[in-house]
Trainee: 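Structure below; questions to follow.
Numbering of ligands and ligand atoms starts at 1, following listing order.
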Amino acid sequence: MTIQNELDIDIRNLLGQAWSVKAEDLSAMAGLMEKAGRSLTKLRESGKGPDGSDVLFPRLPYILDEDVLITEEEKESLLHADELAKSADILISIGIGGSYLGNQMLFDVFCGPYWNMMDREERNGFPKVFFAGQNMDPHGLLQLVEEVERESRHAGRKCRVLLLVISKSGTTIEPSSALKALRTLLIPFADISLLAITDREKGSLRRYANENHLPCFTVPDGIGGRFSELSQVGLVFARLIGVDIKDLLSGARMVEEACRSEKAEENPALFLASLKYAASRKYGIAAEIIMPYGDTLRSFGWWYAQLLGESLGKKYDMAGHVIHYGRIPVAAVGTTDMHSLTQEHQQGAKNKLVQFISVKESRSRLSVPCEESGETGDVPMDFMLESARKANEQALAAEGRMSCAIKIRKITPFHLGALMYFFFLTIAYEGALADINAFDQPGVEDYKKILHQDIRDYIVRNK
Ligand code: PA5
């Protein structure tokens, strides 16, 4: 299957093999697949999820063309957000979960590991970028403070630090702790400015932003954390690091328009979701390894792991029956984890499928001399990268292990937008097939209550 030759979906090792899903499984599921197709059509039309609450991610590809998810005023500020970034030396993006993972991925893909070592000109005037609030570890936070201190020492002046704080709920403890700590600890070395992205009304971050007249973007109603990368959450960050947001959104639009049919054979997202659903339900697939090839896409795996885990890992179906649906998400990276996890994927418990992600046209050409069984010659590394991926796929198939291979043509904002949105859809369709609510996360809410109680008890005990 292909979407305009920009995003290819190879399902040969998920369908039609002796050890994979069979055509007759799909025939037996035909009614269910049609129902899932209809359910997404209804969701697109009504903007409501299975429990009646707002689910508006299908509007994201059109966010800049309509006024459903963003106001004109916000659009204007968004388009000028790069100016804010260019007047800062350092950008610290504070957030966790859906308010972090996608932005880390954009940073890794488009800026890369050496960004902060480049000079300003090489960064096209954009600031150095750090992340905080994605953990509660005080050591990491203090190291970041030391780094800002070092920067200001080298510059012989205070650094201009832009704190971008992202929290939909505005109450999450990790980012709010990081914000409080950084705002105090950075004062001796930094002139701090703040930019917030949070819920329209609720939460202490919104209150704080209003009271302090901070510039503030809104996480739109109906956009859950893990579906928010193409909303203000990711678009503002993208502007702050110089990524083209119109391209990101047009990739998503291409996929949305190619995946609207209620017929699975005309809708690659529904088709792939149906295969994974059948694999889970009928063939004991309990884990999904997401395995991008190449370092650049490493954090795509972490982003997808959240989307899969939080969306499909559900105890109840929509009728309230206990079903414990879901697959264990495992973020791996090729070729690195072929020397670590692949042994288990190949010969361990036969309960997993591997989803490869790769890029057809490499961004860089580099050949190295190779010698294989007496033959010597220069071989491009991108050829070897793809060759390693295919070898993994073939070896898995030889052991009767299911996999699928998703390929984007190039690494560009357009293709990343397409890839993210494709997975939004596959997850939404699979939620409909499994008859679960893919858009809530009651488990996360449960542990948050326990954690907050424990912190409260600590405060009381230590008064
Ligand atoms: O997907 C989700 O909703 C969660 O993982 C959230 O993104 C995460 O808990 C962070 O929440 P918030 O943005 O409200 O701080």
Side-chain angles (χ1 to χ4, degrees), residues 49-51 53-57 60 69 92-106 131-137 141 163-182 194-209 214 216-237 290 299-314 326 329 331 420-421 423-428 430-431 436-452 455:
D51 65 350
S53 51
D54 291 347
V55 175
L56 294 171
F57 81 85
L60 286 171
L69 299 173
I92 303 180
S93 181
I94 303 173
I96 196 165
S99 299
Y100 159 66
L101 289 159
N103 287 345
Q104 177 77 65
M105 188 249 295
L106 287 186
F131 291 90
Q134 79 281 21
N135 207 315
M136 191 59 98
D137 181 357
L141 210 54
L163 296 181
L164 170 68
V165 52
I166 314 172
S167 176
K168 179 176 161 77
S169 63
T171 56
T172 307
I173 187 110
E174 291 91 340
S176 65
S177 304
L179 176 63
K180 287 174 202 155
L182 289 174
L194 278 147
L195 178 59
I197 309 178
T198 189
D199 185 86
R200 194 179 306 280
E201 288 165 3
K202 298 189 290 270
S204 45
L205 183 55
R206 172 59 70 176
R207 232 180 3 260
Y208 177 83
L214 298 185
C216 198
F217 287 89
T218 299
V219 185
D221 296 339
I223 301 295
R226 55 195 177 273
F227 290 85
S228 67
E229 192 52 21
L230 298 172
S231 78
Q232 285 82 334
V233 170
L235 299 182
V236 171
F237 180 78
I290 167 92
S299 40
F300 191 87
W302 296 331
W303 174 83
Y304 177 79
Q306 184 204 16
L307 183 67
L308 169 62
E310 281 191 350
S311 304
L312 298 187
K314 295 291 153 69
M420 281 190 274
Y421 194 81
F423 286 126
F424 287 165
L425 284 180
T426 61
I427 292 291
E430 191 171 344
I436 55 170
N437 187 352
F439 307 103
D440 64 359
Q441 57 283 329
V444 176
E445 305 308 331
D446 283 352
Y447 88 71
K448 278 186 183 171
K449 279 182 213 140
I450 302 169
L451 170 66
H452 283 288
I455 294 172

Trainee: Applying a heavy-atom cut-off of 4.0 Å, say which part of Lys448 lies close to ligand 1: side chain, backbone, both or neither.
Mentor: side chain

Trainee: Numbering the atoms of ligand 1 from 1, which are under 4.0 Å from a heavy atom of Ile96?
Mentor: 7 (O), 8 (C), 10 (C)

Trainee: What are the atoms of ligand 1, with element, lying closer than 4.0 Å to any heavy atom of Thr172?
Mentor: 11 (O), 12 (P), 14 (O), 15 (O)

Trainee: What residue and atom, counting heavy atoms only, is the protein's closest point to atom 5 (O) of ligand 1, and at what distance?
Mentor: Gln306 NE2, 2.7 Å

Trainee: Is the closest side-chain heavy-atom distance between Glu229 and Leu106 below 4.5 Å?
Mentor: yes

Trainee: Under 4.0 Å from a heavy atom of Glu310: which atoms of ligand 1 are those, numbered in the order shown and with their elements?
Mentor: 1 (O), 2 (C), 4 (C), 5 (O)

Trainee: In ligand 1, which numbered atoms sit nearer than 4.0 Å to a non-hydrogen atom of Ser169?
Mentor: 12 (P), 14 (O), 15 (O)

Trainee: Between Phe237 and Tyr100 (judged by ring centroids, cut-off 6.0 Å), do the two rings come close enough to count as a pair?
Mentor: no

Trainee: Only heavy atoms of Gln441, strictly under 4.0 Å: list the atoms of ligand 1 that pass.
Mentor: 3 (O)

Trainee: Give yes if a backbone or side-chain nitrogen or oxygen of Gly98 is under 3.5 Å from a nitrogen or oxygen of ligand 1, and no if not.
Mentor: yes

Trainee: Please enumerate all residues that pass ring pair (Phe, Tyr, Trp, His ring centres under 6.0 Å) together with Tyr304, with sequence neighbours excluded.
Mentor: Phe423

Trainee: Return the minimal non-hydrogen interatomic distance between Asp199 and Arg206, and the atom names on each side.
Mentor: O-NE, 2.8 Å

Trainee: Over 60° means perpendicular and under 30° means parallel, so classify the ring planes of Phe57 and Tyr421, tilted if in between.
Mentor: tilted

Trainee: Could you go through the side-chain hydrogen bond (donor to acceptor under 3.5 Å, both in side chains) check for Ser231 and Ser228 one step at a time?
Mentor: CA-CA 5 Å; Ser231 78; Ser228 67; 4.6 Å; no

Trainee: Quick one: does Glu174 get a heavy atom under 4.0 Å from ligand 1?
Mentor: no

Trainee: With a 4.5 Å cut-off on side-chain heavy atoms, are Leu205 and Ile197 touching?
Mentor: no

